[in-house]
Amino acid sequence: AQKITQTQPGMFVQEKEAVTLDCTYDTSDPSYGLFWYKQPSSGEMIFLIYQGSYDQQNATEGRYSLNFQKARKSANLVISASQLGDSAMYFCAMRESLGGGNKLTFGTGTQLKVEL
Amino acid sequence: DTEVTQTPKHLVMGMTNKKSLKCEQHMGHRAMYWYKQKAKKPPELMFVYSYEKLSINESVPSRFSPECPNSSLLNLHLHALQPEDSALYLCASSQNPGFKNIQYFGAGTRLSVL
């Protein structure tokens with residue numbers, strides 16, 4: 001079974017609009033971390049935002065916010081006021097505490113295209 | 001500063017060549033990672049070094065040989081690679097191992113094996 005599922009292979013959004021990228025996860029570990037990364041065509045994997053399983057508040061970082069619904073096992077990324085430079089591949093990822101927490105498991109990614 | 005530096009940016013090698021990829025960080029991070037990423041796929045973990053000791057090898061073929069000479073440096077030695085090893089190789093580091101620690105990535109080395 002997939003540990004991280006991203007069901008949107010591609011998304012389009014108009015500049016200045018908000019967009020939500022979906023992510024669901026599967027774990028029986030009570031302690032885990034959820035991450036979102038952005039990968040432009042240049043290849044670098046850029047860290048965007050982190051949510052811990054015990055965090056009570058949804059994480060926010062500038063225009064990025066994470067809609068964390070623990071009971072539903074979802075961790076959707078919301079990008080507000082989209083910009084052309086937001087066009088990239090976005091990966092949701094999870095680290096579980098079991099086994100030392102060293103492994104970062106990625107979803108298959110969502111390709112976001114921001115249009116004028 | 002969250003910079004992880006990888007060299008070279010691009011590498012073309014024949015199947016009989018020996019080459020090395022280099023990764024450097026000066027953030028005082030004690031965990032470092034190698035990932036392999038094929039086009040339009042997510043990164044796949046290859047190796048994890050924790051406090052300069054190899055802690056995870058994800059059943060990677062022996063033609064890939066990692067080395068961690070000190071806490072700031074991570075190398076990946078390549079020998080007798082196959083064309084299917086062509087990929088983007090990403091290095092990452094985190095302050096410590098453990099699920100709360102953010103992994104910061106370098107820009108990667110694009111490897112082509114002819």
Side-chain angles (χ1 to χ4, degrees), chain A residues 2-6 8-10 21 23 25 27-55 59 61 64 66 75 88-112, chain B residues 1-6 8-11 21 23 25 27 29-51 53-59 87-112:
Chain A
Q2 291 288 331
K3 282 188 176 284
I4 297 283
T5 302
Q6 294 181 255
Q8 305 153 312
L21 306 184
C23 173
Y25 60 92
T27 181
S28 57
D29 190 343
S31 302
Y32 52 90
L34 296 161
F35 304 81
W36 277 91
Y37 286 87
K38 170 185 177 182
Q39 189 175 39
S41 56
S42 59
E44 183 178 5
M45 194 75 73
I46 301 166
F47 165 73
L48 295 178
I49 197 166
Y50 162 80
Q51 180 85 42
S53 58
Y54 296 115
D55 293 344
E61 290 282 353
Y64 304 108
L66 202 151
M89 180 71 90
Y90 289 79
F91 289 101
C92 179
M94 177 173 64
R95 289 179 86 168
E96 298 164 289
S97 65
L98 291 172
N102 272 323
K103 293 189 67 172
L104 188 61
T105 304
F106 288 88
T108 51
T110 295
Q111 183 73 50
L112 177 67
Chain B
D1 182 16
T2 56
E3 189 169 342
V4 176
T5 304
Q6 288 188 245
K9 292 195 187 311
H10 302 273
L11 180 62
L21 309 185
C23 175
Q25 56 86 14
M27 297 177 279
H29 288 178
R30 303 310 302 273
M32 296 186 77
Y33 312 79
W34 279 116
Y35 289 84
K36 174 183 178 180
Q37 187 179 22
K38 301 286 273 185
K40 302 199 184 298
K41 297 287 187 183
E44 296 176 347
L45 183 67
M46 300 174 71
F47 302 104
V48 179
Y49 273 84
S50 179
Y51 299 95
K53 288 186 170 30
L54 183 65
S55 61
I56 294 179
N57 176 343
E58 289 286 284
S59 303
L88 179 68
Y89 288 83
L90 291 162
C91 173
S93 70
S94 64
Q95 189 168 11
N96 291 299
F99 72 96
K100 292 185 180 180
N101 287 271
I102 297 164
Q103 290 188 23
Y104 295 98
F105 286 79
T109 295
R110 289 193 187 275
L111 174 67
S112 295

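Convention: sequence-line order gives letters A, B, ...; per-chain numbering from 1.
For a residue to count as touching a neighbouring chain, one of its non-hydrogen atoms must lie under 4.5 Å from one of that chain's; by this rule B/Gln6 does not touch chain A. If you measure heavy-atom distances from A/Gln39 to chain B, the contacts under 4.5 Å come from the side chain alone. When heavy atoms are compared at a cutoff of 4.5 Å, A/Thr105 does not approach chain B at all.
Comparing B/Leu45, B/Leu88, B/Asn101 by how many heavy-atom pairs each has under 4.5 Å with chain A, the most go to B/Asn101.
At most 12 heavy atoms of other shown residues, nucleotides or ligands fall within 6.0 angstrom of atom CD in B/Glu44. For A/Glu44, the CD atom counts as densely surrounded, since its 6.0 Å shell holds more than 12 non-hydrogen atoms of other residues, nucleotides or ligands. Around atom NZ of B/Lys38, more than 12 heavy atoms belonging to other residues, nucleotides or ligands sit under 6.0 Å away.
Residues B/Pro42 and A/Gly107 come closest through the heavy atom pair CB-O, 3.2 Å. The minimum heavy-atom distance linking A/Phe106 with B/Pro43 is given by the pair CD1-O, 3.7 Å. Pairing each heavy atom of A/Phe91 with each of B/Lys41, the nearest pair is CZ-O, 3.9 Å. Here the closest non-hydrogen pair linking A/Met45 and B/Phe105 is O-CB, 3.4 Å. In this structure, B/Gln103 and A/Tyr37 approach most closely via the heavy-atom pair O-OH, 2.6 Å. B/Ser94 approaches A/Arg95 most closely through the heavy-atom pair OG-NH1, 4.2 Å.
Separation of atoms CD (B/Glu58) and NZ (A/Lys103) is listed at 3.5 Å; rounding is to 0.5 Å. Separation of atoms CD1 (B/Ile102) and CZ (A/Phe47) is listed at 3.5 Å; rounding is to 0.5 Å. Summarising the geometry, atom OH belonging to B/Tyr33 is positioned 8.0 Å from atom CG belonging to A/Leu104; distances are rounded to the nearest 0.5 Å.
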